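Values reported hereafter were calculated over all heavy atoms of this structure, with side chains retained and with hydrogens, waters and symmetry mates removed. The structure presented is a predicted model; accordingly, all values stated were derived computationally and were not measured.
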Amino acid sequence: MTDTFVALSDPTRRLLLDRLSEEGGLTLSDLSAELPMTRQAVAKHLAVLEAAELVASERDGRCKRHYLNPMPLAKMARRWLGRFEDVPMTALAGYHGSAAASRPAHRP
């Protein structure tokens with residue numbers, strides 16, 4: 001799961017995932033056409049996404065087509081967000097932040 005968090009930490013990689021979510025089967029040229037970086041830089045970002053298994057690729061003749069693999073994201077959502085789905089909002093009603101934040105500031 002660490003690879004997933006590392007891959008998602010970069011805004012360019014999140015943008016690539018958004019594009020693949022909207023339209024799968026994009027080539028490197030398709031993905032790099034609207035980005036202000038070289039194809040090589042986009043290829044490096046794709047390699048990180050593939051290593052995290054967030055992107056799956058397949059050959060189509062001379063082209064390599066990229067697709068979003070939502071499974072790691074679904075696993076992460078179940079693990080980190082799923083446990084909060086059934087938490088009643090009243091459980092948070094008494095939360096007032098940290099004790100330090102609620103104390104008045106010390107003035108000399």
request  = State, to 0.1 Å, how close Met37 and Val42 come at their nearest heavy-atom pair, and which atoms those are.
outcome  = CG-CG2, 3.6 Å

inquiry  = Minimum heavy-atom separation for Thr4 and Pro72, please, with both atom names.
reply    = OG1-CB, 4.1 Å

key: His45 to Asp10 - nearest heavy-atom pair and separation   = CE1-OD1, 3.5 Å

inquiry  = Looking at Ser21 and Leu17, would you say the former's side chain and the latter's main chain have a donor-acceptor pair under 3.5 Å?
reply    = no

message = Working note: Leu35 + Leu16, criterion side chain to side chain contact (heavy atoms under 4.5 Å, CB included); need CA distance, chi angles, decisive distance, verdict.
response = CA-CA 10 Å; Leu35 294 175; Leu16 291 172; 3.8 Å; yes

task = Provide the closest heavy-atom pair for Arg13 versus Val6 in the form atom of the first, atom of the second, distance.
result = NH2-O, 3.2 Å

Closest approach of Ala51 to Asp3 (non-hydrogen atoms, all atoms of both residues) = O-OD2, 4.0 Å

message = Any side-chain to backbone donor/acceptor pair from Asp18 onto Leu15? Under 3.5 Å, distance only.
response = no

query = Sub-3.5 Å donor-acceptor pair from the side chain of Asn69 to the main-chain atoms of Val55, do we have one?
reply = no

key: Verdict with reasoning, Leu73 to Leu8, per side chain to side chain contact (heavy atoms under 4.5 Å, CB included)   = CA-CA 10 Å; Leu73 295 171; Leu8 293 173; 3.8 Å; yes

note = Here the gap from Ser57 atom OG to Leu49 atom CG, rounded to the nearest 0.5 Å, amounts to 9.5 Å

key: Under 3.5 Å donor-acceptor, Arg19 side chain and Leu31 backbone   = yes

task = For residues Leu46 and His66, determine if any side-chain heavy atom of one lies less than 4.5 Å from a side-chain heavy atom of the other.
result = yes

key: Under-4.0 Å salt bridge between Lys64 and Glu50   = yes

message = I'd like to check the salt bridge (Lys or Arg N to Asp or Glu O under 4.0 Å) partners of Asp60; sequence neighbours left out, ordered by chain and number.
response = Arg65

key: Hydrophobic cluster membership, Met76 vs Leu68, 4.5 Å side-chain cutoff   = yes

ask   = When rounded to the nearest 0.5 angstrom, what is the spacing between OG in Ser9 and CZ in Arg14?
value = 7.5 Å

